[in-house]
There are 2 protein chains.
Amino acid sequence: MILTLDLGSEVPIYQQIRDSVVAAIALGEVAEGSPLPSTRQLAADLGINFHTVNKAYDLLRQEGLLILNRKSGAVVQRDPTSGPPPAAFAEQWQARLRTLLAEAVAQGLDGPAVLTACAATLTGFGLPTVITAPELGELT
Amino acid sequence: MILTLDLGSEVPIYQQIRDSVVAAIALGEVAEGSPLPSTRQLAADLGINFHTVNKAYDLLRQEGLLILNRKSGAVVQRDPTSGPPPAAFAEQWQARLRTLLAEAVAQGLDGPAVLTACAATLTGFGLPTVITAPELGELT
DNA sequence: GCAGCTGTTCTATAAGTAATAGAGCAGACC
DNA sequence: GGTCTGCTCTATTACTTATAGAACAGCTGC
């Protein structure tokens, strides 16, 4: 997993770390059980404080994506092909999706362009993007 | 436009206001030229400080969605059916989309479910969601 | 003109967040 | 025993959020 930070970005460092790990999981670069660098190690590699890495890892644990303990270190808990996500997540995730898409629509992006962008991103994660439509069959 | 705030939410008030206005524009509830309440008026209605509303409106102006002046007050500048958005917006918007979709994938949502959620949200905004596929024709 | 609205700008304060830093504890491994 | 690990505590600096009061400048209607 390559982790590049943009210091000087308006998005917090711990958030960038979290997003990078999430992206790596989505991309399948790290599967369930894969170990992540220790907080002190990653902090040293990135040239930042280990408390900042600690915060990012703690966030990932709260989201159920990471298991942390003194025995195994930091290992990925879920992977993209495991069980269903909690309903609470899906609910607030859709609210964020709604906000993001509203922004695109308000800025004048048209529906098909937005939807193809979504599909392209998903296929970039190695996922099938089949939509079943009764009249037309399947579209990949 | 109905504007309900969730004080006690972790998302800042000015951000909630901004998101609500963006959603209203996307939904077509407010079209180009539509006047918005003045900062002091809206602040009084919401029971918050007018500086907070000011910050939200200033954000919307920076995004090109609002025109502010002493003559006309606050009026919507773009509407969903006007010209193309600036390229810089599309670029960083896709980065945010990528992060959001990665989160869903990492949590175990499958590709079709995510894509249909995107399509459903877009049709909720009254937009066509036609994807043209050479082999299959058009899917709405 | 004048009162009342508008956006705009300035200073200020209190609370929270982000990122830094140092120190220490407890468990696991060699 | 030494060294790694996660974990916790206190502390500081800087920035953000939300509040507040005051003032200025331009437009509108009486």
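Just so we're on the same page: letters track the sequence lines, and every chain starts at 1.
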key: Ion pair check, B:D58 and B:R61, cut-off under 4.0 Å   = yes

task = Would you indicate, yes or no, if C:dA18 has its OP1 or OP2 atom less than 4.0 angstrom from a side-chain nitrogen or oxygen of A:T52?
result = no

ask   = Side-chain donor or acceptor of A:H51 under 3.5 Å from a matching atom on the base of D:dC7?
value = no

task = Measure from the side chain of B:R40, starting at C-beta and using heavy atoms only, and say which of D:dG6, C:dA28, C:dT6 lies closest.
result = C:dT6

task = Would you kindly give the CD-to-C1' distance between B:Q41 and C:dG4, to the nearest whole Å?
result = 13 Å

task = For B:L42 and C:dG7, give me the distance from atom CG to atom C1', rounded to whole Å.
result = 14 Å

request  = Under 4.0 Å between any heavy atoms, over every strand shown, what does B:S38 touch: base, sugar-phosphate, or nothing? Just pick one.
outcome  = sugar-phosphate

ask   = Can you tell me how far P of D:dC7 sits from CZ of A:F50, to the nearest Å?
value = 12 Å

Value in whole Å for how far the P atom of C:dA26 lies from CG of A:L68 = 20 Å

query = Can a donor-acceptor pair under 3.5 Å be found between the side-chain atoms of B:R70 and the base atoms of C:dT9?
reply = no

key: salt_bridge(A:E103, A:R98) N-O dist < 4.0 Å   = no

query = When you look at CD of B:Q62, are more than 12 heavy atoms from neighbouring residues, nucleotides or ligands closer to it than 6.0 Å?
reply = yes

inquiry  = Using a heavy-atom cut-off of 4.0 Å across all strands, would you classify B:S72 as base, sugar-phosphate, or nothing?
reply    = nothing

ask   = Taking CG from B:N54 and P from D:dA20, how many angstroms apart are they, rounded to a whole number?
value = 15 Å

key: Phosphate OP1/OP2 of C:dT8: any B:R61 side-chain N/O under 4.0 Å   = yes

Gap between atoms NZ and P, on B:K71 and D:dC27 respectively (whole Å) = 7 Å

remark   = Atom CD of B:E10 and atom P of D:dA18 are separated, to the nearest Å, by 11 Å

query = When you look at B:L36 and B:Y57, which way does the side-chain contact (heavy atoms from CB on, under 4.5 Å) test go after all the steps?
reply = CA-CA 10 Å; B:L36 260 54; B:Y57 278 14; 3.6 Å; yes

query = Is the shortest side-chain N/O distance from B:K55 to OP1 or OP2 of D:dT17 below 4.0 Å?
reply = yes

request  = Considering just the side-chain nitrogens and oxygens of A:Y14, establish if one lies under 4.0 Å of OP1 or OP2 belonging to C:dA18.
outcome  = yes

inquiry  = Below the 4.0 Å mark, does C:dA21 have OP1 or OP2 next to a side-chain nitrogen or oxygen of A:N49?
reply    = yes

Between C:dC29 (C1') and A:N69 (CG): distance, integer Å = 14 Å

request  = First locate atom CG of B:L59, then atom CD1 of B:I17, and finally report the distance between them rounded to the nearest 0.5 Å.
outcome  = 10.5 Å

